[in-house]
Amino acid sequence: QVQLVESGGGLVQAGGSLRLACAPSGRTFTPYTMGWFRQAPGKEREFVAAINWGGWSTYYTDSVKGRFTISRDNAKNTVYLQMNSLKPEDTAVYYCAAEPTRSIPIATMTSSKDFGSWGQGTQVTVSS
């Protein structure tokens with residue numbers, strides 16, 4: 001397992017932007033598929049986006065397509081989630097997740113059970 005540390009959460013008005021970052025503690029995450037999930041109060045954790053180890057393959061849940069962008073900088077050992085046009089319904093704790101690369105499409109990795117390592121989460125609050 002990899003220890004992950006998220007940063008970048010906060011309070012923003014609707015229509016605003018935030019960028020979340022996630023970095024592993026103590027090791028490289030190059031051979032890992034990375035994902036972002038979120039959990040709103042009273043709701044189950046849901047998939048947001050995933051990116052393969054090289055960064056050329058990404059996948060998003062429908063509700064964030066066109067607004068969120070997942071990317072990674074392997075030289076900096078960091079994965080990002082750029083969130084634009086934020087809506088109040090995006091309010092949640094956002095979690096970074098990692099899983100050793102497997103020979104399956106990342107589009108199939110949309111369950112929290114598909115990832116073995118998790119960060120502690122960072123709060124994103126979007127006010128209306």
Side-chain angles (χ1 to χ4, degrees):
Q1 289 188 343
V2 179
Q3 287 186 318
L4 303 170
V5 180
E6 301 103 332
S7 61
L11 172 65
V12 64
Q13 289 187 331
S17 299
L18 282 175
R19 188 177 77 159
L20 306 183
C22 171
S25 175
R27 63 185 298 175
T28 179
F29 69 177
T30 301
Y32 286 80
T33 295
M34 302 297 295
W36 287 96
F37 287 72
R38 64 188 180 185
Q39 188 166 17
K43 295 187 177 181
E44 293 187 354
R45 190 170 298 188
E46 67 169 353
F47 170 81
V48 176
I51 188 167
N52 76 328
W53 70 271
W56 63 78
S57 181
T58 58
Y59 187 72
Y60 300 89
T61 191
D62 286 345
S63 63
V64 308
K65 285 180 181 177
R67 300 188 299 121
F68 290 11
T69 302
I70 188 172
S71 63
R72 66 193 296 165
D73 185 337
N74 287 340
K76 295 183 178 180
N77 227 23
T78 303
V79 64
Y80 302 97
L81 184 68
Q82 177 67 44
M83 305 184 294
N84 299 328
S85 302
L86 282 161
K87 305 175 181 180
E89 51 263 44
D90 295 317
T91 295
V93 177
Y94 282 71
Y95 296 91
C96 177
E99 176 66 15
T101 296
R102 293 184 278 164
S103 299
I104 59 173
I106 62 170
T108 64
M109 298 178 66
T110 59
S111 169
S112 58
K113 297 178 182 178
D114 294 321
F115 292 83
S117 299
W118 294 85
Q120 81 288 351
T122 185
Q123 177 70 47
V124 171
T125 303
V126 184
S127 63
S128 57

Show the nearest heavy-atom pair for residues [X] and [Y], with the distance to one decimal.
X: Ala92; Y: Ala40; answer: CB-N, 3.8 Å
X: Glu6; Y: Tyr95; answer: OE2-CA, 3.3 Å
X: Leu4; Y: Gln120; answer: O-OE1, 3.6 Å
X: Leu86; Y: Arg67; answer: CA-NH1, 3.9 Å
X: Asp90; Y: Tyr94; answer: O-OH, 2.6 Å
X: Ala98; Y: Tyr32; answer: CB-CD2, 4.0 Å

Practice item. Check the hydrophobic clustering (I, L, V, M, F, W, Y; side-chain heavy atoms under 4.5 Å; chains of links allowed) and say if Ile51 and Met109 are grouped together. Key: no
Practice item. Is it possible for you to say whether Val2 and Val79 belong to one hydrophobic cluster, with membership spreading through side-chain heavy-atom contacts below 4.5 Å? Key: yes
Could you grab the distance from atom [atom1] of [X] to atom [atom2] of [Y], nearest 0.5 Å is fine?
X: Ile70; Y: Tyr80; atom1: CD1; atom2: OH; value: 12.5 Å
X: Phe47; Y: Tyr60; atom1: CZ; atom2: OH; value: 9.5 Å
X: Leu20; Y: Phe68; atom1: CG; atom2: CZ; value: 8.0 Å
X: Ser71; Y: Met34; atom1: OG; atom2: CE; value: 11.5 Å
X: Leu81; Y: Leu18; atom1: CG; atom2: CG; value: 9.5 Å

Would you find a donor on one side and an acceptor on the other, under 3.5 Å apart, between the side chain of [X] and the backbone of [Y]?
X: Asn84; Y: Thr69; value: no
X: Arg72; Y: Asn52; value: yes
X: Thr78; Y: Asp73; value: no

Point to revise | salt bridge (Lys or Arg N to Asp or Glu O under 4.0 Å) contacts touching residues 41-59 (sequence neighbours left out) | key: Arg38-Glu46
Exercise for review: Mind jotting down which residue pairs meet the salt bridge (Lys or Arg N to Asp or Glu O under 4.0 Å) criterion with at least one end in residues 102-119? Sequence neighbours excluded, please.
Suggested key: Glu99-Arg102
**Study point:** Pairing residues for Glu89 by the side chain to side chain donor-acceptor pair (under 3.5 Å) criterion, not counting sequence neighbours
**Key:**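 Checked Glu89 against side chain to side chain donor-acceptor pair (under 3.5 Å); zero matches.
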Check your understanding: Can you check whether Val12 reaches Ser17 side chain to side chain, under 4.5 Å on heavy atoms?
Key -> no
Exercise for review: Would you please name every residue forming a side-chain contact (heavy atoms from CB on, under 4.5 Å) with Ala107, sequence neighbours left out?
Suggested key: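 For Ala107 the side-chain contact (heavy atoms from CB on, under 4.5 Å) partners, ignoring immediate neighbours, are Tyr59.
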Check your understanding: Does Thr125 have any side-chain contact (heavy atoms from CB on, under 4.5 Å) partners at least two apart in sequence or in another chain, and if so, which?
Key ->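 Result, side-chain contact (heavy atoms from CB on, under 4.5 Å) vs Thr125: Leu11, Thr91, Gln123.
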Practice item. Could you list all the ring-ring contact (aromatic ring centres under 6.0 Å, His included) pairs where at least one residue sits in residues 98-128, not counting sequence neighbours? Key: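 Qualifying pairs, neighbours excluded: Phe37-Phe115, Phe37-Trp118.
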